[in-house]
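Worksheet: the structure to be examined is printed underneath.
If you're wondering where the values come from, they're calculated on a predicted model, not measured in any experiment.
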There are 2 protein chains.
Amino acid sequence: MPDAAAATDDALVSTFGRLLEAAARLERRLGTALEAETGVPHVWFEVLVRLARSERGMLPMGELAGQITLTSGGVTRLVDRMDAAGLVTRQACATDRRVSYAAITDAGRAKLAEAVGVHATNLRTVFDGFSDRELAVLDRLLDRLRGAPLPA
Amino acid sequence: MPDAAAATDDALVSTFGRLLEAAARLERRLGTALEAETGVPHVWFEVLVRLARSERGMLPMGELAGQITLTSGGVTRLVDRMDAAGLVTRQACATDRRVSYAAITDAGRAKLAEAVGVHATNLRTVFDGFSDRELAVLDRLLDRLRGAPLPA
DNA sequence: GCCGGATGGTTGATCAATCAATAATTGACG
DNA sequence: CGTCAATTATTGATTGATCAACCATCCGGC
C-alpha cells in the first residue's frame with residue numbers, strides 16, 4: 001500500500017471527515033424538507049432562532065454573522081432578503097451609529113414557531129435510535145469541538 | 001417566556017444546531033489553513049481522499065458526488081478545475097459508455113500526501129483534549145447519524 | 001431486434017456566498 | 001481637542017453551487 005493511501009487512513013482525518021459528511025448530508029436533507037414544508041430555508045431558520053433567543057430579539061449584524069458562520073457581507077444580503085420577506089427588520093443602534101441590528105418581527109416569530117414544529121418532528125426521525133444519554137454525550141462532544149483550540 | 005422562545009429550546013433542535021455549527025466553524029477554519037499551507041481547498045482534499053481510497057484510484061462522477069455531498073453538476077465542474085490543476089483526470093468506462101470516472105493522478109497523490117500531513121497536524125490541535133475513547137465514541141455516534149433514517 | 005423508460009453526465013441560467021474595497025463612525029493618544 | 005488607527009456594515013466583482021433541461025447510453029419487455 002503506497003504511503004498516500006496509508007496516510008489517508010489517519011484516524012483524525014477520518015473523524016473529521018465523518019463530522020463534515022454527517023453535517024452536510026443532514027443539513028441538505030433536513031433543509032430541503034424544512035423549506036418544502038414551511039417555505040423557510042435552513043439558514044433563515046438559523047437566523048430566526050438566534051434572534052429569537054437574544055435580548056430584545058435583535059443582534060448586531062456582525063454578531064449574527066459570527067453565530068451562523070457567515071461573512072458580514074453575506075449576512076448583509078441575507079438580512080436584505082429576510083427583510084423583504086417581512087421576517088426581520090433593521091434597527092439602528094442608539095449608542096453606536098456604526099452598528100445595525102437585525103431584529104426579528106412578529107411575523108418572523110410566527111414563522112419560527114411553525115418551522116420549529118416541523119423541524120423538530122423531522123429531527124425526531126433522524127435521532128430515532130438515540131437514547132437521552134447518547135444525545136447528552138453527543139452534545140457534550142460537539143460543544144467541546146465548537147470551542148476547540150484552533151491551529152495558528 | 002413566549003412560546004417561540006420556549007420551542008426553540010427544543011433539545012433536538014439545539015443538538016442539530018450544535019452539529020452544524022461545529023462542522024461549519026471547523027471546516028472554515030481548517031479549510032483556510034489547509035489552503036493557505038498547501039494551495040489545496042478543502043473540497044479538493046475531500047475529493048483526493050475519496051479517490052485515493054478507492055479501487056484503482058477512481059470513482060464514477062455520480063458516486064463521487066454522493067460521497068462529497070454535491071450535485072452531479074457541481075462535481076462536473078469541480079473535476080474540471082482539478083483536472084486543469086493536474087490532480088485528477090477523466091477516464092472513460094469500458095463497460096458503460098455513459099459513465100465517466102474521475103481518477104487521481106500521480107501529482108494528485110503527491111499533493112494529497114503533502115496535504116494529509118498538514119491537515120492531520122492541524123487536526124491534532126483541534127482534537128487536543130480528546131481521549132482515544134472519546135474519539136471512538138464520537139466516531140460511532142457520527143456514523144450512526146450519517147446513516148440515520150430520514151424523514152419522508 | 002426495437003422501443004420506452006431509467007440512468008449518468010454535462011451545460012446554461014440563476015442564485016448566493018466570498019473577497020476586497022469603501023464609507024461611516026468610534027475611541028485612544030498626543 | 002484633533003488626528004489616526006480600529007471597528008462596523010455595505011457594495012461591486014468574482015466564484016462556485018444548484019436546478020432544470022438536455023443528450024447519450026443502457027436495459028427490460030414485447
Closest to the A/T76 side chain: D/dT18, D/dT11, C/dT10?
D/dT11

Atom-to-atom span, CZ of A/R29 to C1' of D/dT18 - whole angstrom
17 Å

Under the 3.5 Å rule, do the base of D/dT18 and the side chain of B/R77 count as making a donor-acceptor pair?
yes

Under a 4.0 Å threshold between the charged nitrogen and the carboxylate oxygen, would B/E114 count as salt-bridged to B/K111?
yes

Both A/D96 and B/R90 contact DNA chain C. Which one's nearest nucleotide lies toward the 5' end?
B/R90

From C-beta outward on A/R98, which listed nucleotide comes closest to its side chain: C/dT26, C/dG9, D/dA9?
C/dT26

Rounded to whole angstroms, how far apart are CE on A/M61 and P on C/dA17?
12 Å

How long is the line joining NE2 of B/H42 and C1' of D/dT15, in whole Å?
19 Å

Please tell me which of B/T69 and A/E63 maps to the more 5' nucleotide of DNA chain D, matching each residue to the nucleotide holding its nearest heavy atom.
A/E63

Looking only at the side chain of A/L70 (C-beta and beyond, no hydrogens), which of the listed nucleotides C/dT10, D/dA9, C/dT18 gets closest?
C/dT18

Report yes if a side-chain nitrogen or oxygen of B/R81 is closer than 4.0 Å to either non-bridging phosphate oxygen (OP1 or OP2) of D/dA17; otherwise report no.
yes

What are the two closest non-hydrogen atoms of A/A52 and A/L112, and how far apart are they?
CB-CD2, 3.5 Å

In whole Å, I'd like the distance from the CG atom of A/D83 to the P atom of D/dT10.
10 Å

NE2 of B/H119 to CZ of A/F16: how many Å apart, nearest 0.5 Å?
5.0 Å

In whole Å, I'd like the distance from the CD atom of B/E35 to the C1' atom of D/dT15.
12 Å

Describe the nucleic acid contact of A/L78 in one word from base, sugar-phosphate, nothing, applying a heavy-atom distance below 4.0 Å.
nothing

Spacing of B/W44 atom CH2 relative to D/dT15 atom P, expressed in whole Å
13 Å

Interatomic distance where CD1 belongs to A/I68 and P belongs to C/dA16 [whole Å]:
14 Å

Below 4.0 Å: OP1/OP2 of C/dG8 and any side-chain N or O of B/R97
no

Are A/R109 and A/D106 ion-paired here, with the side-chain N under 4.0 Å from a carboxylate O?
no

So do the side chains of B/H42 and B/L30 get within less than 4.5 Å of each other, counting heavy atoms only?
no

Name the nucleic acid region contacted by B/S72, choosing base, sugar-phosphate or nothing; use a 4.0 angstrom heavy-atom cut-off, strictly under.
base

Classify A/G62 by what it touches in the nucleic acid, base, sugar-phosphate, or nothing, heavy-atom distance under 4.0 Å.
sugar-phosphate

Find the distance B/L64:CG to D/dA17:P and express it as a whole number of Å.
12 Å

